[in-house]
Amino acid sequence: MRTEVIYAKPLGCCLKIKGGEKIVSTEFVPLKHKLGKIDLPSWEHTVHRSCDSVAAVSRELIRYFGGEIVDFSSCEVKLGSLTIFEKRVLEKTREIRYGQRLTYLELAGLIGTNGIRAVGNALAKNPIPIVIPCHRVVAKNGIGGYSGGVELKKKLLRFETANMQMLKG
DNA sequence: AGCAGGTTTAGCG
DNA sequence: CGCTAAACCTGCT
């Protein structure tokens, strides 16, 4: 299993990516030092690194945080130790397109359950945020919760909509 | 069994 | 409107 850390500028934090054959987790790690003094893998290092899943997803994530419209459809994820229901919720969540938003209610509808809170619970266990875009699932009136903190969720949503607008205009 | 959770809806002031 | 209570389903103890 390998780990790589990239800097997510729009979020003001870093992202730690773990995986072997498939991606296992992504994790937000706060900046402890001032920008510029932090020791991060350089772009070149990341880009030229060959083709295990971690490197591949790192590349995609760097593009994503650079403002490109990236869906992580090609990247394979491993959902270990989750129930069938939770996997179903997360797989469905993966289908939400860039910039699009769904309410917990709507997502529950797609899954085919009335257990809206159960859907929220499943999302809370998402081991691979960003790649599995659980931040695109919001409350009907409001934003809803986020394991990484609601502020992060807001930033992500703003970031994506801004990039969509950019693309239009 | 009982409880809590990234919600939703209805009911009431 | 804003607040509270109850209902929904799933997972953990």
Side-chain angles (χ1 to χ4, degrees), chain A residues 1 3-20 22-32 53-54 57-58 60-165:
Chain A
M1 191 126 89
T3 297
E4 197 159 310
V5 178
I6 66 166
Y7 176 48
K9 188 173 181 183
L11 303 182
C13 69
C14 291
L15 201 62
K16 181 158 58 173
I17 303 128
K18 278 189 195 170
K22 301 179 178 183
I23 296 301
V24 167
S25 71
T26 56
E27 183 185 345
F28 298 110
V29 314
L31 287 181
K32 287 175 186 168
S53 67
V54 174
V57 173
S58 292
E60 295 300 288
L61 283 166
I62 287 169
R63 289 178 53 220
Y64 174 85
F65 288 120
E68 295 183 45
I69 312 299
V70 178
D71 67 351
F72 300 88
S73 57
S74 64
C75 103
E76 302 202 35
V77 300
K78 176 160 181 84
L79 270 25
S81 79
L82 291 177
T83 66
I84 303 293
F85 176 81
E86 291 165 340
K87 284 177 186 166
R88 233 179 43 236
V89 172
L90 292 179
E91 288 298 341
K92 211 62 183 174
T93 302
R94 261 194 106 179
E95 296 175 15
I96 306 174
R97 294 194 305 271
Y98 190 102
Q100 187 190 7
R101 297 178 192 200
L102 246 53
T103 64
Y104 295 96
L105 185 66
E106 290 168 329
L107 182 56
L110 292 176
I111 303 296
T113 178
N114 294 317
I116 307 159
R117 300 196 64 170
V119 168
N121 279 332
L123 291 172
K125 291 193 184 169
N126 179 14
I128 320 179
I130 311 290
V131 174
I132 298 178
C134 60
H135 59 274
R136 294 177 192 151
V137 186
V138 297
K140 193 176 184 186
N141 297 311
I143 186 139
Y146 195 62
S147 296
V150 181
E151 282 311 310
L152 225 45
K153 185 174 187 175
K154 286 183 190 166
K155 280 183 189 173
L156 283 164
L157 291 173
R158 277 201 302 263
F159 180 63
E160 290 191 355
T161 53
N163 290 325
M164 294 290 279
Q165 292 301 324

Checklist entry - Under 4.0 angstrom, heavy atoms only, what part of the nucleic acid is Ala139(A) near: base, sugar-phosphate, or nothing? => result sugar-phosphate
Checklist entry - What integer distance in Å separates Phe85(A):CZ from dT10(C):P? => result 6 Å
Next on the checklist: From CD of Glu86(A) over to C1' of dC12(C), roughly how many Å is that when rounded to an integer?
Outcome noted: 11 Å
Item to check | Phe72(A): ring-ring contact (aromatic ring centres under 6.0 Å, His included) partners, not counting sequence neighbours | outcome: Tyr64(A)
Next on the checklist: Need one value for Leu123(A): base, sugar-phosphate or nothing, where a base atom within 4.0 Å counts as base even if backbone is also close, heavy atoms only.
Outcome noted: base
Checklist entry - When the nearest nucleotide of DNA chain B is assigned to Lys140(A) and to Ile143(A) on a heavy-atom basis, which residue is associated with the more 5' position? => result Ile143(A)
Next on the checklist: I'd like to know if the side chain of Thr93(A) reaches the main chain of Pro133(A), judged simply by a donor and an acceptor atom lying under 3.5 Å from each other, with no hydrogens or angles considered.
Outcome noted: no
Item to check | Stems involving DNA chain B, each a run of at least 3 consecutive Watson-Crick or G-U pairs under 3.5 Å | outcome: B:1-5 with C:9-13, B:7-13 with C:1-7
Checklist entry - At under 4.0 Å between heavy atoms, what does Val137(A) touch on the DNA or RNA strands: base, sugar-phosphate, or nothing? => result base
Item to check | Whole-Å gap separating P (dT10(C)) and CG (Leu107(A)) | outcome: 14 Å
Item to check | Donor-acceptor contact below 3.5 Å, side chain Thr26(A) vs main chain Pro129(A) | outcome: yes
Item to check | Nearest-neighbour nucleotide for the Leu105(A) side chain, dT8(B), dG6(B), dG11(C) considered | outcome: dT8(B)
Item to check | Check: Arg136(A) side chain, Ile96(A) main-chain N or O, donor-acceptor pair, under 3.5 Å | outcome: yes
Item to check | Gap between atoms NZ and C1', on Lys153(A) and dT7(B) respectively (whole Å) | outcome: 11 Å
Checklist entry - Checking Thr3(A) side chain against Lys18(A) main chain: does a donor-acceptor pair fall under 3.5 Å? => result no
Item to check | Closest nucleotide among dG11(C), dG6(B), dC9(C) to the Asn114(A) side chain | outcome: dC9(C)
Next on the checklist: Rounded to whole Å, how long is the line connecting atom CZ of Arg117(A) with atom P of dC12(C)?
Outcome noted: 16 Å
Item to check | N or O in side chain of Asn121(A) less than 4.0 angstrom from dG6(B) OP1/OP2 | outcome: yes
Next on the checklist: Using a 3.5 Å distance criterion without hydrogens, assess whether the side chain of Lys153(A) forms a donor-acceptor pair with backbone atoms of Ile143(A).
Outcome noted: yes
Checklist entry - So what does Gly115(A) touch, heavy atoms closer than 4.0 Å: a base, only the sugar-phosphate, or nothing? => result sugar-phosphate
Checklist entry - So what does Lys125(A) touch, heavy atoms closer than 4.0 Å: a base, only the sugar-phosphate, or nothing? => result sugar-phosphate
Item to check | Nearest to side-chain heavy atoms of Ala118(A), which nucleotide of dT9(B), dG6(B), dG5(B) | outcome: dG5(B)
Checklist entry - Which whole-number value in Å describes the distance from Asn141(A) CG to dC1(C) P? => result 11 Å
Item to check | Check ion pair Arg88(A)-Glu91(A) (N to O, under 4.0 angstrom) | outcome: no
Item to check | Closest to side chain of Tyr104(A), choosing from dG5(B), dT8(B), dG11(C) | outcome: dT8(B)
Checklist entry - Out of Val70(A), Leu61(A), Ile17(A), which residue meets the side-chain contact (heavy atoms from CB on, under 4.5 Å) rule with Ile130(A)? => result Leu61(A)
Next on the checklist: Can you tell me which nucleotide in dT10(C), dG11(C), dT8(B) comes closest to the side chain of Thr113(A)?
Outcome noted: dT10(C)
Checklist outcome for this item: Considering only heavy side-chain atoms of Thr83(A), the closest of dG11(C), dT7(B), dT10(C) is dG11(C)
Next on the checklist: Between C1' on dG6(B) and CG on Leu157(A), what's the gap in Å once rounded to a whole number?
Outcome noted: 13 Å
Item to check | Between dC8(C) (P) and Glu106(A) (CD): distance, integer Å | outcome: 22 Å
